[in-house]
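FYI, the numbering just counts along the sequence from 1. Predicted, not measured: the structure shown is a model, and the values here were computed from it.
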Amino acid sequence: HVQLVESGGGSVQAGGSLRLSCAASGYISSTYCMGWFRQAPGKEREGVAAISLGGVSTFYADSVKGRFTISQDKSKNTVYLQMNDLKADDTATYYCAADSMVCRSQWAQKSSFAVWGRGTQVTVS
């Protein structure tokens with residue numbers, strides 16, 4: 001039974017940086033896809049980035065390419081989202097997600113992930 005816990009959210013000024021962490025407990029195999037999503041008030045949850053745990057494949061939404069970096073520490077069962085040059089539009093609750101299948105072309109869809117964390121708030125002013 002996989003559980004995900006996010007941390008690292010907070011309030012920053014535009015142009016600042018934050019690093020989010022997603023700690024996974026339970027059995028996580030190398031076939032897993034891990035993703036970060038975000039949801040702003042009144043908006044749909046959208047995919048931000050994803051990483052295939054067994055390889056080096058990473059995926060990004062166009063809105064964050066060049067600013068956000070997803071990475072993993074296999075020894076800690078943790079996935080990170082480094083967010084640089086933050087903008088007001090990045091304000092949202094950020095969720096970590098996991099699925100037992102390798103990342104697919106539809107990674108940015110909520111339905112591609114079976115397990116979700118509770119989220120961490122990021123506010124950019």
What residues form a side-chain hydrogen bond (donor to acceptor under 3.5 Å, both in side chains) with Asp90, not counting sequence neighbours?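 Asp90 satisfies side-chain hydrogen bond (donor to acceptor under 3.5 Å, both in side chains) with Arg38, Arg67 only.
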
Excluding sequence neighbours, so at least two apart, what forms side-chain hydrogen bond (donor to acceptor under 3.5 Å, both in side chains) with Asp85?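 side-chain hydrogen bond (donor to acceptor under 3.5 Å, both in side chains) list for Asp85, sorted by chain: empty.
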
Around atom [atom1] of [X], are there more than 12 heavy atoms of other residues, nucleotides or ligands at under 6.0 Å?
X      : atom1 : answer
Arg104 : CZ    : yes
Lys74  : NZ    : yes
Gln106 : CD    : yes

If a pair satisfies ring pair (Phe, Tyr, Trp, His ring centres under 6.0 Å) and one of its residues is in residues 72-96, list it, with sequence neighbours excluded.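 Not a single pair qualifies under ring pair (Phe, Tyr, Trp, His ring centres under 6.0 Å).
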
Nearest 0.5 angstrom please: [X] [atom1] to [Y] [atom2], how far?
X     : Y      : atom1 : atom2 : value
Ile51 : Met34  : CD1   : CE    : 9.5 Å
Ser52 : Met101 : OG    : CE    : 11.0 Å
Ser17 : Asn84  : OG    : CG    : 3.5 Å
Ile28 : Ser100 : CD1   : OG    : 9.5 Å
Leu18 : Thr120 : CG    : OG1   : 8.5 Å

Please tell me if the side chains of [X] and [Y] come closer than 4.5 Å, counting only heavy atoms from C-beta onward.
X      : Y      : answer
Ile70  : Val48  : no
Met83  : Val12  : no
Trp107 : Asp99  : no
Phe59  : Ser105 : no
Leu20  : Glu6   : no

Check: Thr91 main-chain N/O paired with Thr123 side-chain donor or acceptor under 3.5 Å: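 Judged by distance alone, no pair lies under 3.5 Å.
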
Output all residues satisfying side-chain contact (heavy atoms from CB on, under 4.5 Å) with Ser29, sequence neighbours left out; order by chain, then residue number.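 Result, side-chain contact (heavy atoms from CB on, under 4.5 Å) vs Ser29: Tyr27, Thr31, Tyr32.
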
Using the side-chain contact (heavy atoms from CB on, under 4.5 Å) criterion, which residues pair with Lys110? Sequence neighbours excluded.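 Partners of Lys110 under the side-chain contact (heavy atoms from CB on, under 4.5 Å) test: Phe37, Glu44, Arg45, Trp116.
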
Which residue pairs satisfy the disulfide (SG to SG under 2.5 Å) criterion with at least one member in residues 47-104, sequence neighbours excluded?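 Checked against disulfide (SG to SG under 2.5 Å) - neighbours excluded - the pairs reaching residues 47-104 are Cys22-Cys96, Cys33-Cys103.
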
Which heavy atom in Tyr60 sits nearest to a heavy atom in Ala49, and how many Å separate them?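 That closest heavy-atom pairing would be CD2-CB, 3.7 Å.
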
Assess whether side-chain contact (heavy atoms from CB on, under 4.5 Å) is satisfied between Thr69 and Thr58, documenting all intermediate values. CA-CA 9 Å; Thr69 303; Thr58 56; over 6 Å; no

